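Everything on this sheet refers to the single structure shown next.
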Amino acid sequence: MNPQPNNSTSAPAESGAGGSVVLAWLFVGIPLAWGVSQTFIKALALFK
Amino acid sequence: MAENSSSLLDRSRTIAGPGYNRWLVPPAALAIHLAIGQAYAFSVFNKPLGALISGDPAKPAPDDWTPLQIGITFSIAIVLLGLSAAIFGKWLERVGPRKAMLASALCFGGGFLIGSLGIHLHNIWLLYFGYGVVGGIGLGIGYISPVSTLIKWFPDRKGVATGMAIMGFGGGAMIGSPLANNLMNHFKASAPQGVAPTFIVMGIIYLLFMQFGVWTIRVPADDWKPAGYVPSTEHNDMITTANVSADNAIKTPQFWMLWVVLLCNVTAGIGVLETASPLIQAVISGTEKGKGMDTAALAAAGAGFVGLLSLFNLLGRFFWSSASDKLGRKVAYAIYFGLGVVLYALAPTLGANAQLTLFVVVACVIISMYGGGFATAPAYLSDLFGKYQVGAIHGRLLTAWSTAGVLGPLIVHYLSDSRKAEGFTGAAMYQTVFYTMAGLLVVGFLANIIVTAVNERYYEKGPVTVEAGGH
């Protein structure tokens with residue numbers, strides 16, 4: 001894949017706002033991790 | 001003011017400006033899917049809703065709602081999911097994801113609030129209307145709202161992007177179930193079973209949580225493409241560079257083959273999910289370890305098995321959909337169904353022989369591919385029909401999910417009840433369920449195999465603009 005200039009008015013895909021991206025992922029990741037951990041604890045009963 | 005606030009929702013106001021990072025789009029999509037995925041945790045309300053008058057789930061009063069009456073609420077929501085996704089898909093393409101996500105949040109959160117009134121007044125019709133109809137519309141619009149936007153932002157990783165969002169729908173139930181349990185325990189002293197105030201709080205929480213998606217989502221400019229991305233020049237019949245409208249897509253055999261594929265995938269998955277708890281209890285009872293277990297321990301193991309399947313459903317959505325970017329969609333579905341047939345056919349034998357570990361492994365792989373089947377569908381549609389109205393086409397495809405959501409449990413209960421009437425017990429009761437589902441997967445396998453490139457006569461003539469998507 002050869003790099004190609006971006007002709008769009010928008011910025012390149014992975015540029016900028018790195019802090020916002022981390023915060024955004026934390027906003028959805030924390031509740032998801034909580035839900036997964038609750039489910040995992042419940043699933044452990046199968047192996048007791 | 002009203003004019004300004006409404007214009008903030010317009011597609012033209014959501015076009016990404018300089019510096020916008022496309023990796024903000026998946027969390028925006030996840031905020032919607034994690035919320036609406038709560039629907040698959042509705043069963044957490046079954047017992048409390050059935051004891052609003054008696055106060056004891058073990059001894060319901062004559063006027064208490066029956067399990068069937070309560071179960072209809074979920075069925076209405078799933079039917080409305082498919083219908084609203086099909087009906088509002090073109091509207092979504094026209095107005096953009098922000099307005100659609102806001103509509104979804106208002107309907108889904110509002111559905112909880114109307115439902116709470118129905119619970120408070122003990123009026124089942126109001127619960128059906130609130131959670132089932134209004135909430136179901138929120139489900140349908142919300143489910144498809146980020147799909148075409150994700151595909152436009154990630155033309156190089158369509159499966160990864162849509163897999164992440166649709167994984168959220170699986171994760172939503174994992175959040176919704178313990179959240180509801182905690183809230184019901186908290187409100188138990190102030191309302192019957194604590195259900196009505198739980199609905200109010202959950203409605204408000206989801207309405208607010210979904211706002212993150214509403215105000216974070218952006219669409220790319222029409223000429224935008226990822227830095228360094230060069231579309232493959234290798235010719236691939238199964239990935240079009242043309243565009244097919246939603247109205248034309250449903251005239252193609254390819255759309256209906258994929259409809260059959262999704263129907264078979266979902267129905268077969270329901271076959272496992274509906275029987276998971278009683279089946280694993282039957283399998284454990286047949287082992288040396290299980291012979292010493294009491295009913296409560298077996299029930300806990302059953303709930304644990306359901307939890308484990310939820311985890312693999314979630315992981316499968318991301319893993320298989322991402323893998324389809326490398327494998328190709330057709331090959332991915334051939335694996336889901338080909339391997340699925342073998343595993344479904346094997347499961348009853350493993351269960352009957354009390355091969356607990358192998359049985360659990362097989363069930364986990366099966367359910368991961370069920371999740372994969374859901375999550376790979378948008379990318380498959382985009383490959384075949386282009387990205388022009390892929391959200392609307394996906395919406396129409398979801399009517400297969402609604403159909404399976406109603407038919408699946410009926411088939412499962414009919415088959416297992418018939419076996420029970422014939423005198424079979426334990427794991428043997430579910431043997432025909434698994435064999436029938438294996439047969440369905442053969443149908444899905446064949447439907448996928450005969451999918452070919454869409455005939456050029458269905459292509460849009462000339463360039464298409466996104467704003468024209470709904471006209």
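This is a predicted model, so every value here is computed, not measured. Chain A is the first sequence line, chain B the second, and so forth, proteins listed ahead of strands; every chain is numbered from 1.
Residue B:Leu314 touches chain A through its side chain alone, counting heavy-atom pairs closer than 4.5 Å. Contacts between A:Trp34 and chain B at a heavy-atom distance below 4.5 Å involve the side chain alone, from C-beta outward. Heavy atoms of B:Ile280 lying under 4.5 Å from chain A belong exclusively to its side chain. Of the atoms belonging to B:Leu309, not a single heavy atom falls under 4.5 Å from chain A. For chain A, no part of B:Val306 is nearby; none of its heavy atoms comes within less than 4.5 Å. A:Leu32 touches chain B through backbone and side chain together, each having a heavy atom under 4.5 Å away.
Ranked by non-hydrogen atom pairs under 4.5 Å with chain B, the options A:Gly35, A:Pro31, A:Gly29 are led by A:Gly35.
The two residues A:Ala45 and B:Ala300 make their nearest non-hydrogen contact at CB-O, 3.6 Å. A:Leu46 and B:Phe305 get closest at one heavy-atom pair: CD2-CD1, 3.8 Å. Minimum heavy-atom separation, B:Gly307 to A:Ala43: C-CB, 4.3 Å.
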Q | Intermediate values then yes/no, side chain to side chain contact (heavy atoms under 4.5 Å, CB included), A:Phe27 and B:Leu30 | A | CA-CA 10 Å; A:Phe27 184 81; B:Leu30 272 168; over 6 Å; no

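Taking 4.5 Å as the limit, some side-chain heavy atom of B:Leu24 sits within range of a side-chain heavy atom of A:Ser20. Between A:Gln38 and B:Ile175 there is no side-chain heavy-atom pair separated by less than 4.5 Å. Using a 4.5 Å cut-off on side-chain heavy atoms (C-beta onward), B:Leu308 and A:Thr39 make no contact.
To the nearest 0.5 Å, atom CE of residue B:Met174 and atom CZ of residue A:Phe40 are 11.5 Å apart.
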